[in-house]
Amino acid sequence: MAELVIHPEQITPEGAKALVSLCPFGAIREKDGGIDIGQECKMCGLCVRKGPKGAVTLQEDAPEKTDLSDWKGVAVFCEQQEGEIHSVSRELLGKARELAAVTGEPVYALLMGSGVMTGAELLSRCGADKVFVYDAPELETFRIGPYTNAFSDFVRKVKPSCVLVGATNMGRSLAPRTAARFLTGVTADCTKLEMRPDGNLVQIRPAFGGNIMAQIVTTRTRPQFCTVRSKVFPLPKAGESAGEIKKMTLSPEELFSAVQVLEAAKKPKETDISEAEVIVACGRGFKKKDDLALAQSLADALGGQIACTRPIAEAGWLPQNRQIGLSGRTVAPKLIITLGISGSVQFAAGMKGSEFIVAVDENENAPIFDVAHYGIVGDLYQVVPELLRRIREGNYGV
Amino acid sequence: MELIVCVKQVPGTTQVEMDPVTGTLKRDGVSSKMNPYDLFALEAALTLRERCGGHITALTMGPPQAKSILLEAVSMGADSAVLLSDRKLGGADVLATAYALSQAVKGRKWDILFCGKQTTDGDTAQVGAETAEFLGVPHVSNVTAIEDIAEDHVDVRVDLDTHVMVQRLPLPCVLCMDRDVNTPRLPSWKRRRELTEEPIEVLSVADLPDPDPKRYGLNGSPTKVERIFQPEKAAQRQMIYGSAEETAAALTALLAEKKFLQEV
């Protein structure tokens, strides 16, 4: 148990005032010359660390000794649809290898579905030492009950220390549900993962729309669940050496679900900017819809796709599936050229992973230049036509 | 039909900054609002009530100030509201939050619990699924439409990235609504004015079926935030100034060097 204890004898009237202004949540109020802590308290502990010495202390019981030594290895939940393994799962297997190398523990892949043995074989060559497969007709389509039961069965029997899950719609539903069953933590949308030698996984994720990064650990419970979006980590190539494939079974009760799938259909294939290798992104620097043709020409010249910021999508100038950012797609092309984009953190969060970022904007102080590798301060209406002319003429003059 | 909608009070803006001295978030002013994603959940519940009748309860966990968003929910059409507020709930992560919400729901009569997709401050999109686990009922995330409703089941359309599915769930169940699936109505100021007494039931941890403080707030949270920091800026960047000709020439040369331009 952790509890904040106020020590009135340590608090001067000035100290009380200091504490009131220190609390970022407005939870500390002056009361009878001392202070009182209200329900706004988020237990951030700032009053303990930065307040007058001894005024507020954090009283903690000695941490319960939980033996975590049984939990070993880094597991990846591998998502499949109609037998096809999601690329994010392979990306995570690559990351899992790196993490597991720190502690010298094995990498596990977890696969569930119906008729998925081909996928299992692929996974065994993508970095997994062992692939655990739950193959049953009841697991053909994603239903939360049987999938959580299979996941939990795996966790109980294999006892992985960490479990990485792709932050897809399925992963974001399944990971927390399974984590809750084991009363353990799950950290969503991690952008950076690091293994400590003691086996604690350092998980870094954005909060407040990417304005703040939080570093999170799950030290008292296992497994340490986290989800990671697609394209955050590189896709490793499938190798030759194959890990072991182990078939797992569930009882009929565990496979049963009262949920029925009435319909399941593949979505029509859309142009997916998240797959593009070159992207030309348009922002509010464009004055009217017709001018986007300029960006389209540049994209064509570079063999890329055009994309946009939220305001452009909201104005209906480009469809929403071309919007980059936290409320749109996350992209990580080899090259992205942003035109007339000031670079809100929400936008930047959706493209920061790009290999080479070129920004063109009139405002020298635009935040986009903080994430860009190459910044051109200028008017896109002048720079882009000039750029197109040179590319068309093959005038690359170095 | 007994419907419960989870809502959360979030900062009015995500443009938060860090205090360089204390290393915590600056939360200047008291600007706060209802989590915009929750509006879609509330609208879904209101629409469903128009179809099959029933009663809507808005539920939140937060400080006493969170009453304002409950009143907003009631002004939009919710029938009643529950505020779960206690110092013991402070510092809760996903697990502790979901457990607290599930405890506030347990013991009530309910058919569908609605959640928004995620919040704008935490952005985790996980509380709905964990709450469902604690309640021992099925849940679906990314619900884009409620297709049909009957005494004992609900049919919902689900977005699974590459696939869409229609699932029939037995009641009770938890539905996490996707964003932009409806147009949330505005609060009725007439309704707001007519509210004579606050229709808000306030609960503390002691009122919950499981009042063990170890399950809530910081104590019930397996994850620990070690530090928060501002995102780093690009390490090496090159800025080019000059006329359109000069800058375009420099960029073309660079793109050619990096093999983005192939000789035709």
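Sequence lines set the chain letters: A, B, ... in the order given, protein chains first and strands last, and positions in each chain run from 1. Keep in mind that what you see is a predicted model, and the values were worked out from it rather than measured.
Heavy atoms of A:Ile37 lying under 4.5 Å from chain B belong to its backbone as well as its side chain. Only the side chain of A:Val278 comes within contact range of chain B, judged by heavy atoms closer than 4.5 Å. Residue contact with chain A, scored on non-hydrogen atoms closer than 4.5 Å, is absent for B:Lys88. Residue contact with chain B, scored on non-hydrogen atoms closer than 4.5 Å, involves the backbone and the side chain of A:Leu4 alike. No part of B:Ala92 comes within reach of chain A, as not one of its non-hydrogen atoms sits under 4.5 angstrom from that chain. With a 4.5 Å cut-off on non-hydrogen atoms, A:Leu335 touches chain B through its backbone and its side chain both. When heavy atoms are compared at a cutoff of 4.5 Å, A:Val358 approaches chain B solely by way of its side chain, counted from C-beta outward. Interface remark: A:Arg205 contributes side-chain atoms only to the contact with chain B (heavy atom separation under 4.5 Å). Contacts between B:His153 and chain A at a heavy-atom distance below 4.5 Å are absent for every atom of the residue. Residue contact with chain A, scored on non-hydrogen atoms closer than 4.5 Å, is absent for B:Val154.
You'll find the side chain of B:His163 reaches within 4.5 Å of the side chain of A:Glu82, heavy atoms only. Side-chain contact between B:Thr223 and A:Val217 is absent, with no heavy-atom pair separated by less than 4.5 Å.
A cation-pi arrangement is absent between A:Lys334 and B:Phe260, since the terminal nitrogen or guanidinium carbon is not both under 6.0 Å from the aromatic centre and inside a 45° cone about the axis.
A side chain to side chain contact (heavy atoms under 4.5 Å, CB included) with B:Leu95 holds for exactly one of A:Thr184, A:Leu183, A:Thr218, A:Val186; it is A:Leu183.
In terms of modelled atom types and a separation under 3.5 Å, the side chain of B:Arg179 and the main chain of A:Ser327 share a donor-acceptor contact.
Of the inter-residue distances, the one linking B:Asp93 atom CG with A:Ile216 atom CD1 reads 8.5 Å to the nearest 0.5 angstrom.
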